[in-house]
Trainee: 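The following block contains the structure, expressed as structure tokens.
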Amino acid sequence: VVTYTAMLSAYAKKGHLEDARRIFEKMPQTNGFTWSSMVTAYTTHGVIDQAKLLCENTPASNVVTWTTLFQAYAHNGHLELAKLTFDRMAGIGRDIASWNAMFQMYADHGHSGMLQEIFQRIPCWNVVTWTAMIVVNAQDGGLDSAQRLFDGSVERNVITWTAMMVAYSQNLRPEEAYSVFEKMPHRNLYSWNTALTVYAQNGDLSLAKDAFDSMPEHDVVSTNAMIAAFFAGGESLAAQEIFDSSPAINSVSWSAMISGYAQNAQLELANRTFHRIPRKDVLAWSTIIAANAHSGHCAAAIAFFQSMMLAGETPD
RNA sequence: GCAAAGCAAUCGGUUG
């Protein structure tokens with residue numbers, strides 16, 4: 001059962017929803033993990049109706065399947081459906097993750113009144129709750145309360161530390177953000193990428209470069225962050241070198257190159273880069289339109305918009 | 001107990 005369930009998840013993560021479903025159908029036995037994996041497969045592919053069916057029509061559905069469904073509604077802005085789902089969970093019970101998801105929904109979409117109400121109803125806190133609280137407070141300008149929450153937190157992990165670093169950076173306290181990074185007991189790729197971004201946002205290109213070189217490994221986010229950092233420092237050539245030598249680039253990389261060139265008054269290079277993109281998505285089009293518009297080439301921007309329509313792309 | 005599922009932190013364009 002474990003092996004089949006792991007395969008199911010793997011197929012779903014790679015985008016093969018049908019294969020995941022086929023495995024699910026073939027399994028002689030299942031457990032709660034199997035069902036929640038299948039529900040997650042559906043929600044991550046946007047097939048919420050199927051996820052709902054699985055939750056409703058089986059005794060095997062559990063707090064995880066329901067929380068997953070809840071989260072899917074919340075992320076799609078269906079707050080009423082999400083709330084209904086949460087209410088229906090009263091029978092099987094809610095755990096900390098369910099409450100955290102509920103808190104996050106109102107942090108993302110709701111009013112502070114609802115958030116406050118949930119805050120008071122959360123029965124107990126775990127490290128995710130602490131971290132979410134820190135983030136919400138910091139975004140609200142309550143840097144002091146964020147720090148107090150951090151100091152008072154019973155549990156902290158690398159995500160909590162990284163969130164605290166971001167909190168200082170967002171509130172324009174770069175030195176303290178740096179200091180948090182230096183004091184972190186453990187770092188991962190994500191926190192390294194965050195540090196690199198924080199350095200760059202504060203104009204410390206050399207610190208950003210140092211971070212990039214010191215990191216134990218890079219991913220596409222590291223690459224993209226470093227590209228943006230070089231462009232922000234006016235070093236288009238260095239940005240281009242990173243781009244050209246990177247083993248993995250994605251659509252964000254292309255956008256970063258285009259807007260970087262435009263920022264540096266190199267619209268010609270921006271346009272040329274755009275034409276090299278193998279598969280132009282909405283992001284690519286939006287970026288090239290904005291690049292031309294910001295450079296004062298409004299006619300070209302409109303022309304790109306029209307080309308986008310002709311290419312069958314839908315504006316977002 | 002271990003391994004497979006849901007909740008919190010990082011990169012680009014649009015809006016602020």
Side-chain angles (χ1 to χ4, degrees), chain A residues 1-10 12-13 30-41 43-44 51 55 62-72 74-75 94-105 107-108 122 125-136 138 155-167 169-170 180 184 188-198 200-201 219-229 231 249-260 262-263 281-291 293-294 315-316:
Chain A
V1 178
V2 175
T3 311
Y4 275 111
T5 304
M7 282 174 58
L8 191 165
S9 294
K13 254 180 219 130
T30 59
N31 61 18
F33 281 68
T34 317
W35 287 82
S36 53
S37 298
M38 197 62 232
V39 171
T40 301
T43 58
T44 56
C55 281
N62 53 47
V63 63
V64 177
T65 59
W66 282 100
T67 303
T68 304
L69 180 64
F70 169 86
Q71 159 94 334
H75 272 157
R94 308 165 180 126
D95 65 7
I96 305 183
S98 325
W99 282 100
N100 288 340
M102 180 56 126
F103 180 81
Q104 195 61 38
M105 177 174 84
D108 292 336
I122 294 185
W125 290 30
N126 65 5
V127 64
V128 175
T129 324
W130 284 103
T131 307
M133 292 291 170
I134 289 169
V135 170
V136 165
E155 294 176 273
R156 292 167 207 158
N157 61 16
V158 63
I159 299 185
T160 321
W161 280 91
T162 308
M164 200 61 229
M165 172 168 50
V166 172
S169 177
Q170 280 172 343
V180 170
M184 288 176 67
N188 61 13
L189 182 53
Y190 204 111
S191 50
W192 274 104
N193 287 340
T194 304
L196 162 46
T197 301
V198 169
Q201 282 170 349
D219 65 1
V220 67
V221 174
S222 329
T223 302
N224 297 342
M226 197 63 233
I227 288 172
F231 276 123
I249 55 169
N250 60 15
S251 63
V252 175
S253 323
W254 287 103
S255 281
M257 291 302 294
I258 293 170
S259 64
Q263 264 175 52
D281 55 11
V282 190
L283 172 60
W285 287 103
S286 310
T287 308
I288 195 64
I289 291 167
H294 286 158
D316 62 1

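All chains are named by letter (A, B, ...) in the order of the sequence lines, taking the proteins before the strands, and each is independently numbered beginning at 1.
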Trainee: With a 4.5 Å limit on heavy-atom distance, are the side chains of Trp130(A) and Arg156(A) in contact?
Mentor: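 When only atoms from C-beta onward are counted, Arg156(A) and Trp130(A) do not touch, as no gap falls below 4.5 Å.
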Trainee: Side chain of Thr67(A), base of G6(B): donor and acceptor closer than 3.5 Å?
Mentor: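 Answer yes: a donor N or O sits under 3.5 Å from an acceptor.
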Trainee: Minimum heavy-atom separation for Ala41(A) and Ala12(A), please, with both atom names.
Mentor: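 So the minimum-distance heavy-atom pair works out to CB-CB, 3.5 Å.
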Trainee: Is the phosphate of C7(B) approached by Gln71(A) (side-chain N or O, under 4.0 Å from OP1 or OP2)?
Mentor: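 Gln71(A) to C7(B) OP1/OP2: side-chain N or O found under 4.0 Å.
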Trainee: Using the side-chain heavy atoms of Ala225(A), tell me which of these nucleotides is nearest: C11(B), A9(B), G13(B).
Mentor: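 For the Ala225(A) side chain, the nearest candidate turns out to be C11(B).
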Trainee: A5(B) C1' sits how many Å from Tyr4(A) OH, rounded?
Mentor: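 Atom OH in Tyr4(A) sits about 19 Å away from atom C1' in A5(B).
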Trainee: Determine whether a donor-acceptor pair (one donor, one acceptor, N or O, separation below 3.5 Å) exists between the side chain of Asn100(A) and the base of G6(B).
Mentor: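 When only heavy-atom distances are counted, Asn100(A) does not reach the base of G6(B) through any donor-acceptor pair under 3.5 Å.
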Trainee: Pull out every residue in residues 249-258 of chain A that has a heavy atom closer than 4.0 Å to any atom of RNA chain B, ordered by number, or say none.
Mentor: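 Contacting residues: Val252(A), Ser255(A), Ala256(A).
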Trainee: State, to 0.1 Å, how close Trp254(A) and Ile249(A) come at their nearest heavy-atom pair, and which atoms those are.
Mentor: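 Distance-wise, the nearest heavy atoms are NE1-CD1, 3.8 Å.
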Trainee: Atom CG of Leu196(A) to atom P of A9(B): distance rounded to whole Å?
Mentor: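 Atom-to-atom, Leu196(A) to A9(B), this comes out as 19 Å.
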Trainee: Nearest to the Val63(A) side chain among G13(B), A9(B), G6(B), which nucleotide is it?
Mentor: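 Closest nucleotide among those given: G6(B).
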Trainee: Is any side-chain N or O of His294(A) closer than 4.0 Å to OP1 or OP2 of U14(B)?
Mentor: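 Yes, such a contact exists.
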Trainee: Evaluate Thr67(A) against Ser98(A) for side-chain hydrogen bond (donor to acceptor under 3.5 Å, both in side chains), listing each step before the verdict.
Mentor: CA-CA 5 Å; Thr67(A) 303; Ser98(A) 325; 3.1 Å; yes
Trainee: Classify the side chain of Asn62(A) versus the base of A5(B) as yes if they form a donor-acceptor pair under 3.5 Å and no if they do not.
Mentor: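 Not at all, since no donor on one side and acceptor on the other fall under 3.5 Å apart.
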Trainee: Whole angstroms only, please: what is the CD-P distance between Gln170(A) and G16(B)?
Mentor: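 Answer to the nearest Å: 19 Å.
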Trainee: Rounding to an integer number of Å, can you tell me how far Asp108(A) CG sits from A8(B) P?
Mentor: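 Taking CG of Asp108(A) and P of A8(B), I get 8 Å after rounding.
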Trainee: Tell me the closest heavy-atom pair linking Met184(A) and Thr162(A), and the distance in Å.
Mentor: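 Minimum heavy-atom contact is CE-OG1, 3.7 Å.
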Trainee: Considering every strand and a 4.0 Å limit on heavy-atom distances, what is the contact class for Ala97(A): base, sugar-phosphate, or nothing?
Mentor: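 Answer is base: heavy atoms of Ala97(A) come under 4.0 Å of a base.
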Trainee: What is the separation between atom CD on Glu155(A) and atom P on A8(B), rounded to the nearest whole Å?
Mentor: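 Atom CD in Glu155(A) sits about 16 Å away from atom P in A8(B).
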Trainee: Measure from the side-chain heavy atoms of Asp95(A) and tell me the nearest of G6(B), G13(B), C11(B).
Mentor: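 Between G6(B), G13(B), C11(B), the one nearest the side chain of Asp95(A) would be G6(B).
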Trainee: Kindly express the pairing pattern of RNA chain B in dot-bracket notation, using | wherever a base pairs with another strand and counting only Watson-Crick or G-U pairs under 3.5 Å.
Mentor: ................
Trainee: Among Ile227(A), Leu189(A), Thr197(A), find the one that has a side-chain contact (heavy atoms from CB on, under 4.5 Å) with Ser222(A).
Mentor: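 When side-chain contact (heavy atoms from CB on, under 4.5 Å) is applied between Ser222(A) and each of Ile227(A), Leu189(A), Thr197(A), only Leu189(A) qualifies.
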Trainee: Hey, does Asp281(A) reach any base, or is it just sugar-phosphate, or nothing, if we go heavy atoms under 4.0 Å?
Mentor: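 No contact.
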Trainee: I need the CH2-C1' distance between Trp285(A) and U14(B), as an integer number of Å.
Mentor: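 Those two atoms, CH2 and C1', are 16 Å apart.
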Trainee: Between Ser169(A) (side chain) and Met165(A) (backbone), is there a donor-acceptor pair under 3.5 Å?
Mentor: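 Here the side-chain-to-backbone pair does not exist.
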Trainee: Output a table of nitrogen or oxygen pairs between the protein and nucleotides 1-4 of chain B separated by less than 3.5 Å.
Mentor:
from  : atom 1 : to       : atom 2 : distance (Å)
A4(B) : N1     : Asn31(A) : ND2    : 3.0

Trainee: Side chains of Val39(A) and Val64(A), heavy atoms from C-beta outward: is any pair under 4.5 Å?
Mentor: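 Contact flag for Val39(A)/Val64(A) side chains = no.
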Trainee: Using only heavy-atom distances, determine whether the side chains of Trp161(A) and Ser191(A) contain a donor-acceptor pair under 3.5 Å.
Mentor: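 No, Ser191(A) and Trp161(A) have no side-chain donor paired with an acceptor closer than 3.5 Å.
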Trainee: Could you tell me the separation between the CZ atom of Phe70(A) and the P atom of A8(B), rounded to a whole number of Å?
Mentor: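 So the CZ-P distance, Phe70(A) to A8(B), works out to 11 Å.
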Trainee: Among C11(B), A9(B), C7(B), which nucleotide sits nearest the side chain of Thr197(A)?
Mentor: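 Minimum distance to the Thr197(A) side chain belongs to C11(B).
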Trainee: Return the value, rounded to whole Å, for the distance between atom CG of Asn188(A) and atom P of C11(B).
Mentor: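 Rounding to the nearest Å, CG of Asn188(A) and P of C11(B) are 14 Å apart.
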Trainee: Can you name the nearest heavy-atom pair linking Trp66(A) to Cys55(A), along with the distance?
Mentor: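 Scanning both residues completely, I find the closest heavy atoms to be CZ2-O, 3.6 Å.
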Trainee: Return the minimal non-hydrogen interatomic distance between Thr131(A) and Ala163(A), and the atom names on each side.
Mentor: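 It is CG2-CB, 3.9 Å.
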Trainee: With a 4.0 Å cut-off on heavy atoms, is Ser286(A) in touch with a base, just the backbone sugar-phosphate, or nothing at all?
Mentor: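 Since a base atom lies under 4.0 Å of Ser286(A), the category is base.
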Trainee: Could you tell me which non-hydrogen atom of Arg94(A) sits nearest to which non-hydrogen atom of Val63(A), and how far apart they are?
Mentor: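 The pair with the smallest heavy-atom distance is CA-CG2, 4.1 Å.
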Trainee: Could you tell me whether Thr287(A) contacts a base, only the sugar-phosphate backbone, or nothing, with contacts defined as non-hydrogen atoms closer than 4.0 Å?
Mentor: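 Sugar-phosphate, no base atom in range.
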Trainee: Testing the 3.5 Å rule here: is there a donor-acceptor pair between the side chains of Ser37(A) and Thr5(A)?
Mentor: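 Ser37(A) vs Thr5(A): no donor-acceptor pair found between side chains.
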